[in-house]
2 protein chains.
Amino acid sequence: MPKRKPTIANEARIPTMADIARIAGVSASTVSRALAGLPPITEETRQRVAQAAKEAGYAVNRHARSLRLKRSRLMLVLIPNLANPNFPDLLMHIDQAAYDCGYDIMIAHIAVDPHRSDRYVDELLAGSIDGVLLTSNYCPPRILECIAAGRRMPIVRTLSPTPNLDGISGVQIDEVKAAYDVVDHLAKQGYKRIAHLGGPPKEAVAIARKQGWKLALADHGLPSSRDLFIQAGFRIEDGRQAAARISGMPPRPDAIFCSNDESAYGLIAALKEQGLRVPQDIAVAGFDDLSFSNVMDPPLTTVRLPRRDMAELSVRKLKALIEDETENDITVLAHELVVRASSLKT
Amino acid sequence: MPKRKPTIANEARIPTMADIARIAGVSASTVSRALAGLPPITEETRQRVAQAAKEAGYAVNRHARSLRLKRSRLMLVLIPNLANPNFPDLLMHIDQAAYDCGYDIMIAHIAVDPHRSDRYVDELLAGSIDGVLLTSNYCPPRILECIAAGRRMPIVRTLSPTPNLDGISGVQIDEVKAAYDVVDHLAKQGYKRIAHLGGPPKEAVAIARKQGWKLALADHGLPSSRDLFIQAGFRIEDGRQAAARISGMPPRPDAIFCSNDESAYGLIAALKEQGLRVPQDIAVAGFDDLSFSNVMDPPLTTVRLPRRDMAELSVRKLKALIEDETENDITVLAHELVVRASSLKT
DNA sequence: TAGGTTTACGCAATCGATTGCGTAGATGCA
DNA sequence: TGCATCTACGCAATCGATTGCGTAAACCTA
């Protein structure tokens, strides 16, 4: 067995289609068609080419192919915040669905610098990327311009609903109705002063959830006075900070609907530190059904997002948009109210 | 203002460098050099080209450039499991660091199908991707072959330590020492029967953490008998299932070192359901310091991984490996023991 | 066996950006 | 003014895969 020494001479040149052609004794076009399984190639030739490619460790050059085909089989996923567990879970399913569709995904996390997405939009418009998956309400301005100009764009938004924007496909749930369901559940449990811990005021989902809260209270003839709305945010820390304000309220609320699970975690932890019992002294509900909601003490009542379905459907929709001539449309999926101990009357 | 109607004629062809050249009244080579800021171009020409490019909404075609340069500025990140919050957090920082270095990242989630990574390895070897970032112990077989053949590969592993493999750069912590620190802390608190909830038996980190547990017990003259080792896994559910076995043990352990935070979550939740108090009846410690460990009841003692530093350093290391001729090496970063209520004697 | 059809494959152009080399014009110096 | 030098730019080849079109050989029919 010859001992191989790493030298420059040893670093074999990366084989190209022409190399495979030479080895198999055919032309490059034949190699291309053989590997792609295209028509006018004998089974025997195909075998020979496949064998040569395998032995040489050959793989098609992604960039050469994309250049020629003007199609990259690349989707870009814009993610606002991976620290929120909603997104990795969604991303996981997006990735799998894209793989199943024959696409690869690039990701761009835009929490630090939203401006960053502009560069990728250029790439989309320049044809370097086939499509974009938005997982938040944010939409790069350049895209809005193009849509306003009536240009058809391979873009799908999911997780966050599209408030007042046409020309972009979407896969979402009825956020207002989902929030309504949570508050309706609390009201039916007999809670009378149901507060709402609001998310970031400009977030579409936060706005919708607040609206659902108001509607449900109105339907139950319960108050939704200003003091029952607590402006917070989506992070654990936001919930934690809100706790002080809540426990100090003169007539304390007997239930709180948090705009997401994470703020509910922080709220519950802080309420307990202040000696309040959940749900005996104050009931809490969240929104998202993250995996930790089930190990919280008490387990958290929340809304389960169909993240997997959202991911799969949005990828398929984007694929259709890229490949066929599907039109833009919005799909609304069903959500599910998950009732756990944090909201139950004892 | 002319009303634009979306027609095929309206769908402007994607501008190429030649188009910009025509508009600016120069050649394509000049456009290329002007946009890249390369030497023999007048400032005035550069301005004119930049202006033309901007107005036309021009962006360089990624694939044409990559084909020509034989370099894509693309890194692939292989992720075993996005459902474990370690990974999204790491990924977030990797993404940012890569962006800062001028690289884009593609991700591939290999939980469902590890075989999937083979395709990407082909791409790496075929030159379609510049480098690969491994975030687990798993290394595609093809890569091992190449390394065995003495080929220099742009690959960096992080988060998980490299057990017995040369030729791959790494950024890691001293897992054994970190586990040792946790158990040492428990022993110093006065716990005598310190059990270990083990992770997947083949995972390098699980093996290392078990080893640290044994070493610390030995140093403290405490038993590490077989019955104090409980085989479990890394998921919440694994911890939950282990609880039944633990509470039923004849001499019950008074402390448990879990191989990660998630299994600790499940364990704590299940122990509490069985009426045991943490830490009064049984202390618990984890490993990872996920963001939820701070809102657990009780807050969880754990090891904080320097995920951000790991991400940044591994990206920089990969970049160096790709661009320069840096050699492979392993960097060991410092960890931090985070003591919280779950392990404190009352 | 002549003429027509089919089969299996090769030739060469093409995608868009980059870059070594060549060159026209401007500038400098004697 | 004559010649060398420098500046700013263009020409054309190149990267590797794909595909319309052309063609030699094999096959069929009358």
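Here is the naming used below: chain letters follow the sequence lines, and residue numbers restart at 1 for every chain.
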Open item on the list: Is there a side-chain contact between K70(B) and the phosphate of dG16(D), meaning an N or O under 4.0 Å from OP1 or OP2?
Closed with: yes
Open item on the list: Output the rounded distance in Å from CZ (R22(B)) to P (dC9(D)).
Closed with: 19 Å
TODO: Return the value, rounded to whole Å, for the distance between atom CZ of R68(B) and atom C1' of dA12(D).
DONE: 11 Å
- [ ] Measure from the side chain of L67(B), starting at C-beta and using heavy atoms only, and say which of dT19(C), dG16(C), dC11(C) lies closest.
- [x] dG16(C)
- [ ] Round to a whole Å and report the spacing from CZ of R62(B) to P of dT18(C).
- [x] 13 Å
- [ ] In whole angstrom, give the distance that lies between atom NE2 of H63(A) and atom P of dG16(C).
- [x] 17 Å
Task: Proximal nucleotide (of dA17(D), dT18(C), dC11(C)) relative to the N61(A) side chain - done: dA17(D)
- [ ] Scan side-chain atoms only and decide if S32(A) and S29(A) contain a donor-acceptor pair under the 3.5 Å cut-off.
- [x] no
Task: Value in whole Å for how far the P atom of dA17(C) lies from CG of L69(B) - done: 12 Å
- [ ] Please determine, by modelled atom types, if Q51(B) and Q47(B) share a side-chain donor-acceptor pair under 3.5 angstrom.
- [x] no
Open item on the list: In whole Å, I'd like the distance from the CD atom of Q47(A) to the C1' atom of dA8(C).
Closed with: 16 Å
Task: Proximity to the side chain of Y58(A) - top-ranked nucleotide from dT19(C), dC11(C), dA17(D) - done: dA17(D)
TODO: Report yes if at least one side-chain N or O of T16(A) is closer than 4.0 Å to OP1 or OP2 of dG16(D); otherwise report no.
DONE: no
TODO: Please determine if a side-chain N or O atom of T42(A) lies less than 4.0 Å away from the OP1 or OP2 oxygen of dC9(C).
DONE: yes
Task: R116(A)/D95(B) ion pair, N-O < 4.0 Å - done: yes
Task: Side-chain donor/acceptor of R33(A) to base of dG10(C), under 3.5 Å - done: yes
Open item on the list: Looking at the base of dC15(C), is there any donor atom on it, or on the side chain of S66(A), that sits under 3.5 Å from an acceptor on the other one?
Closed with: no
- [ ] Can you figure out which of dG10(C), dC9(D), dT19(C) approaches the side chain of T30(B) most closely?
- [x] dC9(D)
Task: Carboxylate-amine/guanidinium contact R73(B) D104(B), below 4.0 Å - done: no
- [ ] Measure the distance from CZ on R48(B) to P on dA8(D) and round it to the nearest whole Å.
- [x] 13 Å
TODO: Working to the nearest 0.5 Å, report the span between SG of C139(B) and CZ of R142(B).
DONE: 12.0 Å
Task: Ion pair check, D329(A) and K317(A), cut-off under 4.0 Å - done: yes
TODO: Can you check whether any acceptor in the base of dC9(C) is under 3.5 Å from a donor in the side chain of T45(A), or vice versa?
DONE: no
- [ ] Take the protein atom CD1 of I129(A) and the nucleotide atom C1' of dG16(C), then report the distance between them rounded to whole Å.
- [x] 16 Å
TODO: Answer with base, sugar-phosphate or nothing: what part of the nucleic acid does V31(B) contact at a heavy-atom distance below 4.0 Å?
DONE: nothing
- [ ] Answer yes or no: does a side-chain N or O of R65(B) lie under 4.0 Å from OP1 or OP2 of dT18(C)?
- [x] yes
Task: Phosphate OP1/OP2 of dG10(C) contacted by S27(A) side-chain N/O (<4.0 Å) - done: yes
